[in-house]
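Reviewing the structure listed below.
Quick note on labels: first sequence line is chain A, next is B, and so on, each numbered from 1. Below, all heavy atoms of this structure are taken into account, side chains as well, without hydrogens, waters or symmetry copies.
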2 protein chains.
Amino acid sequence: MVDKEKYREKIVLSASKIFSRYGFKKTTMEEIANALNKGKSSIYYYFKSKEEIFEAVVDHEAQVLKDELSKVIKSSDDPELILRRYVKIRMKLFEKLSNYYNAIFNRDLDHFDFIEKQREKYDLMEIALIRYVLWRGVRSGHFNLENTGLAALAVQTALKGLELPLFWEKRSYGMDARLDAIIDILFYGIVRK
Amino acid sequence: MVDKEKYREKIVLSASKIFSRYGFKKTTMEEIANALNKGKSSIYYYFKSKEEIFEAVVDHEAQVLKDELSKVIKSSDDPELILRRYVKIRMKLFEKLSNYYNAIFNRDLDHFDFIEKQREKYDLMEIALIRYVLWRGVRSGHFNLENTGLAALAVQTALKGLELPLFWEKRSYGMDARLDAIIDILFYGIVRK
DNA sequence: ATTTTCTTAGAACTAAATGGTCGATTGTTC
DNA sequence: GAACAATCGACCATTTAGTTCTAAGAAAAT
C-alpha cells in the first residue's frame with residue numbers, strides 16, 4: 001500500500017468494532033484479520049502484538065472522546081449545562097468501553113498494568129478538562145470554588161464511582177433520568193445561590 | 001433445591017443472556033457457572049453438555065417467540081396489519097438471535113446438525129402460524145389465495161431470505177423503513193383489490 | 001532483466017483455555 | 001448411619017489462539 005501508517009489506522013478502526021463488541025479477551029487475532037480479509041499472521045507486519053493493537057484502539061477512542069468533549073465545551077456558555085453534557089457523554093463512552101474493561105477486570109489483571117498506564121494518561125487529561133470547565137464556571141460566577149484543581153479531582157473521583165453501575169447492570173433504562181438525579185445531588189454545593 | 005427442573009430453567013434463563021451476547025462458541029461453561037455463583041462442574045449435574053444447554057435456550061427462545069406471535073395474532077382483525085407486525089417481531093427476534101447463529105455459521109457446522117433439527121422444528125411451527133394468519137385473511141376477504149398451505153410456505157421462504165441481511169449488516173438504521181418497503185413488495189399480490 | 005524491498009500468508013510452535021469427568025465432600029431425609 | 005441430593009476441586013485430553021518463521025509473490029529500484 002501507499003502508507004504503512006495508513007493501514008495501521010485501518011486496522012485500528014476495524015479492530016475497534018470487534019473489541020467493543022466482544023472485549024479484549026474474547027476478540028481473536030483471526031477475527032481481526034478476517035475482518036480485513038487478511039491472513040492472521042499478516043497483522044503482525046503492522047503491530048507487534050494483540051495488546052499493541054488494543055492500546056492503539058484505546059488511544060484512538062480517547063482521541064475521539066477528547067474531540068467530543070472539546071465540542072461540548074464550546075457548545076454553551078452555561079458551565080452547569082456544560083458539566084451535565086460532559087457527564088452524559090462520558091457515560092455514553094463508558095457504556096461503549098464497558099466491554100473492553102469487563103473483559104479485563106474479569107480477574108487476572110496480572111500483567112495488565114499497561115491498562116493502568118493507559119488509564120492514568122486518560123485520568124490526567126480528564127482532570128485537566130474538568131478543571132478547565134470548573135475554572136470557566138468560577139470566572140463567570142456560576143460556580144463557587146476555592147481550588148479548582150482539587151475540585152476537579154473530587155469531581156473526577158465521583159464520576160469514576162459512577163462507572164461501576166454502568167459496568168455491572170447493562171443498560172438500566174431509567175439511566176438517563178437517574179444520571180440527572182445523581183448529577184443534581186453531586187453538584188448541588190457547587191452552584192452559587 | 002426444591003425442584004431440579006426449576007433450577008434447569010434458572011440456568012437456561014441465565015445462560016440465555018450470555019449466549020445472546022457472545023454466541024455459542026465464545027460463551028464458556030465457566031461463565032455460565034459463575035453467573036449462577038456455582039462451580040463449573042455443578043452445571044453438569046443439570047445438563048449433559050454445553051450443547052444441551054444451548055438447545056434448551058433455543059427452545060425457550062422459540063417459546064417466547066411463539067407467545068409473542070400469539071399475542072400479535074390476537075392484536076387486530078386486519079390480517080395485513082397482523083402480517084406486518086408479525087414480520088417486525090420476527091426480525092426483532094432474529095436480530096437477537098444473530099449472535100447465536102453467527103457463532104455457528106462461522107464455518108465448522110461440522111456436527112451441528114442438531115441446530116438444523118432445531119431449525120426444522122421452528123420452521124414447521126412458523127409455517128403453521130403464517131398459514132393460520134393467511135387463512136384468516138382469506139376468510140375475511142382481505143387476501144386472495146387458492147392454497148394457504150403453499151402460500152404460507154412461500155411467505156416463510158421469503159422471510160428466511162430476509163434474515164441474511166440482518167446477520168451480516170448490524171443494525172442498519174433504515175432497517176425499519178426498508179422492512180416496510182420489502183413487505184409492500186413482497187405481499188403486493190396478496191391483498192385483494 | 002535482475003536485484004532489492006515490501007507485503008502476505010501458511011505452517012509450526014507453545015502456552016493457555018476449555019469442555020468434560022470423577023471422586024470426595026457436605027448436607028439432608030428417613 | 002445409610003441413602004440420596006447437590007456441589008466442587010483436581011484433573012485430563014483436546015482445542016484454541018497468540019506469536020514466530022520462512023518462503024514466496026508483488027512492486028520498486030537499479
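- In this structure, NZ of B:Lys4 is placed 7 Å from P of D:dA6, rounded to the nearest angstrom.
- The A:Tyr46 side chain lies nearest to C:dT7 when the options are C:dT7, D:dT7, C:dA9.
- As rounded to whole Å, 15 Å separates atom P of C:dA9 from atom CD1 of A:Ile32.
- At distances below 3.5 Å, not a single donor-acceptor pair connects side-chain atoms of B:Ser14 with backbone N or O atoms of B:Ile11.
- C:dG19 atom C1' lies 13 Å from atom CD1 of B:Ile43, rounded to whole Å.
- Side-chain atoms of A:Glu31 come within 3.5 Å of backbone N or O of A:Thr28 as a donor-acceptor pair.
- Note: CD (B:Glu31) to P (C:dT18) measures 7 Å, nearest angstrom.
- Note: B:Phe54 and B:Phe24 have perpendicular aromatic rings, judged against thresholds of 30 and 60 degrees for the angle between ring planes.
- Side-chain contact between B:Asn34 and B:Lys40 is absent, with no heavy atoms from C-beta onward closer than 4.5 Å.
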Using a cutoff of under 3.5 Å, can you pull out all pairs of nitrogen or oxygen atoms linking the protein to nucleotides 17-20 of chain D, with atom names and distances?
{"unit_1": "D:dG18", "atom_1": "OP1", "unit_2": "A:Thr27", "atom_2": "O", "d": "3.3"}
{"unit_1": "D:dG18", "atom_1": "OP1", "unit_2": "A:Lys50", "atom_2": "NZ", "d": "2.8"}
{"unit_1": "D:dG18", "atom_1": "OP2", "unit_2": "A:Met29", "atom_2": "N", "d": "2.7"}
{"unit_1": "D:dG18", "atom_1": "N7", "unit_2": "A:Lys40", "atom_2": "NZ", "d": "3.1"}
{"unit_1": "D:dT19", "atom_1": "OP2", "unit_2": "A:Tyr44", "atom_2": "OH", "d": "2.9"}
{"unit_1": "D:dT19", "atom_1": "OP2", "unit_2": "A:Lys50", "atom_2": "N", "d": "2.8"}
{"unit_1": "D:dT19", "atom_1": "O4", "unit_2": "A:Lys40", "atom_2": "NZ", "d": "3.4"}

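- The distance between atom CG of A:Asn34 and atom P of C:dA9, rounded to the nearest whole Å, is 10 Å.
- Using a 30° and 60° split on the angle between ring planes, B:Tyr22 and A:Tyr22 fall in the tilted class, from 30° to 60°.
- Within 6.0 Å of CG on B:Asp67 lie more than 12 heavy atoms contributed by other residues, nucleotides or ligands.
- Applying the 4.0 Å criterion to OP1 and OP2 of D:dT7, one finds that B:Tyr45 has every side-chain N and O outside that range.
- The nearest whole Å value for the distance from the CD atom in B:Glu5 to the C1' atom in D:dA5 is 16 Å.
- Distance, B:Phe47 CZ to C:dG20 P: 13 Å, rounded to whole Å.
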